[in-house]
Undergrad: 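First the structure, then my questions, so here it is.
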Amino acid sequence: MANYYSDIPQIKFELENSELMPRIVELKEDAYAEKDQYDDAPQDFADALDNYDRVLEIVGDITANVIAPNAEEVDAEGAHCENGRVSYASKTYENQAAMIQAGLNGVTMPRRYGGLNLPVTVYTAANELVSTADAGFENIWSLQDCIETLYCFGNEEQRQKYIPRVCAGETMSMDLTEPDAGSDLQSVMLKATYDEENQCWRLNGSKRFITNGDSDIHLVLARSEAGTRDGRGLSMFIYDKRDGGVDVRRIECKMGIHGSPTCELVYKNAKAELCGDRKMGLIKYVMSLMNGARLGIAAQSVGLSQAALNEAEAYARDRKQFGKAIIEFPAVAEMLSNMRARLDAGRALLYETARYVDIYKALEDISRTRKLTPEERQELKVYSKLADSFTPLAKGINSEYANQNAYDCIQVHGGSGFMLEYACQRIYRDARITSIYEGTTQLQTVAAIRYVTNGQYAGVIEQFEQQDVSPEFADVLSRIKQMTAKFNACTQLVKEAGSEEMHDLCARHLYEMVSEIIMSHLLLRNAQKDKGLFGKSLEVFVNLAEGNVEKHATFVGKMTPQRAAEYRCQ
């Protein structure tokens, strides 16, 4: 019987072959302080890895044998809206029941609230597996991650009230965007007023493009400060569906992810609780939500890339033309090799990012109960910056790779790929949104470019270059260093130009260059540990990266402030 976890050894490799994992587990388990209090708490690092392995085996079984077989029917039926409420596609309820029965909710939450207390890295692996089966269902299931923001910024009464419900399987949503406030969230105008008589907040207005918008528990961005029009007047609120006051006006009719209802919501004097401090909604809490969501979309993208490769390889082995399987034709073999290389490189970037997030979030959590040591404070600072700088790379690049792999999957299928009977068309439609929602690739570039110009990425790359490399990979390292030299020269050229217009125009090119250099280093590191698993992908990816870096270097090298001005729309 298929199992998406054990069938993909690259995922287990990422969990077991990083020098950061012992530190992650030590922090997450608070030096294994709960080993005598909870039956499922690990005794040591080896026990923790065994626990993660067993959990992901269960996820791999459910995704391969329940969620994936239901995916086409869910896509065809979609979600429904009637009398202001949402009903999922019928098979979605089967998927939910399987995950709830297996206890796969509240994955990262502490055990005292009913959670599994698993690291973000393990949760990321689960997200990838669910997305490989059905990206639409992954949207519903993975929104449990919203509870992280409530856990971090809510009070203890709110934690005890809401977290056990999510751990038991209740759903969540983050209600941020509005008809006139998409990426520009500081323009949010949903009104929050305090009800003195009932000692609660009331929400009035509308939200649009809300994923899983009829969920049980909502985190809502609303304007609490009358007379303001910028981000400083926004606060975060908790809305409980049990209290009523929010109706679904309609479900959007979308190109893909049909199993995930995208809703327009109407708030009519809805009762709500303030989460955290007033006026910090956008400045602090939404940033936390969005970073978690972006890592989730990166995992979703890797899952879609894996699904595309699975379908393409299976079809290429079975499809015969001119007396042999099309996988034997060099043109098809090259496409499949490129798909695999992008997948392996993007996955390496995803899990490196997740590990950085794990360390800084665990240290932040510890700081709520005791004062950090000077060494821990420095560690928190380092990994917080690494997580912040790597997240836009992981989200942006993997979403672009998901789209490219889905495109190539259809191309491998030829005319059959254009037919609705093949899963590749669903994967293609589902993948398209990944480079748009939770911040477009263009916005990921904006988030990342400051780390190009301030030298953060250059410092990371320099550390990679200092790692020992075996003689058989010395040439690969030399090639990566040559790419880095071109990137550094382009960065310096843009900085010296002193032109904001040129800076903004070249940002995407610098972003892609540094992403591919970092992924080349990560693949090189992986290939040294397991050449059989990653050796071919390393060679293929570095070939691709060299071509792309040269292309971007040519663009930036010929750019001037005057030429940049010509790109403006007249």
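Basis for what follows: all heavy atoms, side chains included, without hydrogens, waters or symmetry-related copies. This is a predicted model, so every value here is computed, not measured.
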Undergrad: Please report the interatomic distance CG(Leu56) to CG(Asp53), rounded to the nearest 0.5 Å.
TA: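 Here the interatomic distance stands at 7.0 Å.
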Undergrad: State whether a side-chain donor-acceptor pair under 3.5 Å links Asn117 with Tyr38.
TA: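 Side chains of Asn117 and Tyr38: no pair found under 3.5 Å.
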Undergrad: Hydrogens and angles aside, do Thr108 and Glu148 bring a side-chain donor and acceptor to less than 3.5 Å of each other?
TA: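 On atom types as modelled, these side chains qualify, holding a pair under 3.5 Å.
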Undergrad: Taking atom types as modelled, find out whether Ser435 and Arg432 have a side-chain donor-acceptor pair closer than 3.5 angstrom.
TA: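 Side chains of Ser435 and Arg432: pair found under 3.5 Å.
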Undergrad: Identify the heavy atoms of Asn403 and Ala431 that sit nearest to each other, and give their distance.
TA: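 Shortest heavy-atom separation between Asn403 and Ala431 comes out as ND2-O, 3.2 Å.
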Undergrad: When you check the side-chain N and O atoms of Asp388 and Tyr451, is any donor under 3.5 Å from an acceptor?
TA: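 Present: a donor and an acceptor within the cut-off.
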Undergrad: So which heavy atom on Ser260 is nearest to which on Gly136, and how close?
TA: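 Smallest heavy-atom distance, with atoms named: CB-O, 3.4 Å.
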Undergrad: Using only heavy-atom distances, determine whether the side chains of Gln300 and Asn139 contain a donor-acceptor pair under 3.5 Å.
TA: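 There is such a pair (donor and acceptor under 3.5 Å, judged by atom type) between the side chains of Gln300 and Asn139.
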Undergrad: Looking at Val266, is its backbone amide N or carbonyl O close enough to the side chain of Asp247 to form a donor-acceptor pair, meaning the two atoms are under 3.5 Å apart?
TA: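 The answer is no, because no donor-acceptor pair under 3.5 Å joins these two groups.
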Undergrad: Treating Glu376 as the side-chain partner and Thr373 as the backbone partner, does any N or O pair qualify as donor plus acceptor under 3.5 Å?
TA: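 Yes, the answer is positive, given that a donor and an acceptor are paired below the 3.5 Å cut-off.
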Undergrad: Pairing donors with acceptors under 3.5 angstrom, does anything connect the side chains of Thr171 and Asp216?
TA: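 Asp216 and Thr171 do have a side-chain donor-acceptor pair below 3.5 Å.
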Undergrad: Do the charged groups of Arg159 and Glu157 touch, with an N to O distance under 4.0 Å?
TA: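 Salt bridge between Arg159 and Glu157, a charged N being under 4.0 Å from a carboxylate O: no.
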Undergrad: May I ask you to decide whether Glu170 forms a salt bridge with Arg242, counting only side-chain N to carboxylate O separations under 4.0 Å?
TA: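 Looking at Glu170 and Arg242, the cut-off is met.
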Undergrad: Any side-chain donor-acceptor pair under 3.5 Å between Asn95 and Tyr88?
TA: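 There is no such pair between these side chains.
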Undergrad: Apply side chain to side chain donor-acceptor pair (under 3.5 Å) to residues Gln404 and Glu400 and explain how you reach the verdict.
TA: CA-CA 6 Å; Gln404 184 63 57; Glu400 295 292 338; over 6 Å; no
Undergrad: Taking atom types as modelled and ignoring hydrogens, do the side chains of Tyr383 and Glu364 form a donor-acceptor contact shorter than 3.5 angstrom?
TA: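 Tyr383 vs Glu364: no donor-acceptor pair found between side chains.
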Undergrad: Going from CE on Met290 to CG on Leu443, what distance comes out if it is rounded to the nearest 0.5 angstrom?
TA: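 So the gap between those two atoms works out to 8.5 Å.
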Undergrad: Decide whether Asn212 and Ser173 meet the rule of one side-chain donor and one side-chain acceptor closer than 3.5 Å.
TA: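 Checked: Asn212/Ser173 side chains show no N/O donor-acceptor pair below 3.5 Å.
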Undergrad: For a quick test of reading the model, state the closest non-hydrogen atom pair linking Gly259 to Thr92 and the distance between them.
TA: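 Nearest pair, atom of Gly259 first, then Thr92: O-OG1, 4.5 Å.
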Undergrad: Just by modelled atom types, is the Lys207 backbone N or O under 3.5 Å from a matching donor or acceptor in the Glu264 side chain?
TA: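 No: the side chain of Glu264 does not pair with the backbone of Lys207.
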Undergrad: Quick one about Asn526 and Glu14 (side-chain donor to acceptor, distance below 3.5 Å, no hydrogens or angles considered), yes or no?
TA: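 On atom types as modelled, these side chains qualify, holding a pair under 3.5 Å.
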Undergrad: What I want to check is whether the side chains of Thr228 and Arg223 have a donor and an acceptor closer together than 3.5 Å.
TA: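 Yes, because at least one side-chain N or O of Thr228 sits under 3.5 Å from a partner of the opposite role on Arg223.
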Undergrad: Say whether, by atom type as modelled, one donor and one acceptor occur between the side chain of Ser399 and the main chain of Gly396 under 3.5 angstrom.
TA: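 Here the side-chain-to-backbone pair exists.
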Undergrad: Kindly state each residue pair satisfying side-chain hydrogen bond (donor to acceptor under 3.5 Å, both in side chains) with at least one member in residues 230-240, sequence neighbours excluded.
TA: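 As it turns out, the side-chain hydrogen bond (donor to acceptor under 3.5 Å, both in side chains) pairs with a partner in residues 230-240, which skip direct neighbours, are Arg165-Asp240, Ser224-Ser235, Asp230-Arg232.
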Undergrad: Does Glu379 form a salt bridge (charged side-chain N to carboxylate O under 4.0 Å, His left out) with Arg377? I'd like the steps, not just the answer.
TA: CA-CA 5 Å; Glu379 187 179 22; Arg377 288 199 300 272; over 6 Å; no
Undergrad: Identify whether the distance between the nearest side-chain nitrogen and carboxylate oxygen of Arg525 and Glu352 falls below 4.0 Å.
TA: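 Looking at Glu352 together with Arg525, the answer is yes, because their closest N to O distance falls below 4.0 Å.
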Undergrad: Can we say Glu57 and Arg54 salt-bridge, meaning some charged N sits less than 4.0 Å from an Asp/Glu carboxylate O?
TA: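 Arg54 and Glu57: not salt-bridged.
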Undergrad: Which residues satisfy the salt bridge (Lys or Arg N to Asp or Glu O under 4.0 Å) test with Asp184, sequence neighbours excluded?
TA: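 Salt bridge (Lys or Arg N to Asp or Glu O under 4.0 Å) list for Asp184, sorted by chain: empty.
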Undergrad: Tell me whether Glu156 at atom CD has more than 12 heavy atoms from other residues, nucleotides or ligands lying less than 6.0 Å away.
TA: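 More than 12 within 6.0 Å, yes.
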Undergrad: Using distance alone, with no hydrogens and no angle criterion, decide if Tyr151 and Gln158 have a side-chain donor and acceptor under 3.5 Å apart.
TA: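 Per modelled atom types, Tyr151 and Gln158 side chains form no pair under 3.5 Å.
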Undergrad: What distance separates Cys167 SG from Ile147 CD1, expressed to the nearest 0.5 Å?
TA: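 The distance works out to 7.5 Å.
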Undergrad: Hey, is Asp358 close enough to Lys28 for a salt bridge, meaning N to O under 4.0 Å?
TA: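 Judged by the 4.0 Å cut-off on N to carboxylate O distance, Asp358 and Lys28 do not form a salt bridge.
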Undergrad: Does a side chain donor of either Glu273 or Tyr162 reach within less than 3.5 Å of an acceptor in the other side chain?
TA: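 Yes, because at least one side-chain N or O of Glu273 sits under 3.5 Å from a partner of the opposite role on Tyr162.
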Undergrad: Identify the two heavy atoms, one from Thr453 and one from Arg450, that lie closest to each other, and give their separation to 0.1 Å.
TA: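 In terms of heavy atoms, the two residues are closest at OG1-O, 3.2 Å.
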Undergrad: What heavy-atom pair brings Val25 and Ala48 nearest, and what distance separates the two atoms?
TA: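 Looking at all heavy atoms of both residues, the shortest contact is CG1-CB, 3.5 Å.
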Undergrad: Measure centre to centre between the rings of Trp141 and Tyr123, then say whether the value is under 6.0 Å.
TA: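 Yes, they do, as the ring centres are separated by less than 6.0 Å.
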Undergrad: Search all heavy atoms of Ala102 against all heavy atoms of Ile62 and return the closest pair with its distance.
TA: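 Looking at all heavy atoms of both residues, the closest pair is CB-CD1, 3.6 Å.
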Undergrad: Report the residue from Asn398, Leu393, Thr445 that forms a side-chain contact (heavy atoms from CB on, under 4.5 Å) with Ser515.
TA: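 Exactly one candidate clears the test, Leu393.
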Undergrad: Less than 4.0 Å between a side-chain N and a carboxylate O, is that true for Arg347 and Asp344?
TA: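 Here Asp344 pairs with Arg347 in a salt bridge, since their nearest N and O are under 4.0 Å apart.
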Undergrad: Below 4.0 angstrom, N of the basic side chain to O of the carboxylate: do Arg111 and Glu34 qualify?
TA: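 Looking at Arg111 and Glu34, the cut-off is met.
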Undergrad: Where the side chain of Arg294 meets the backbone of Thr391, is there a donor-acceptor pair that is under 3.5 Å apart?
TA: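 Absent.
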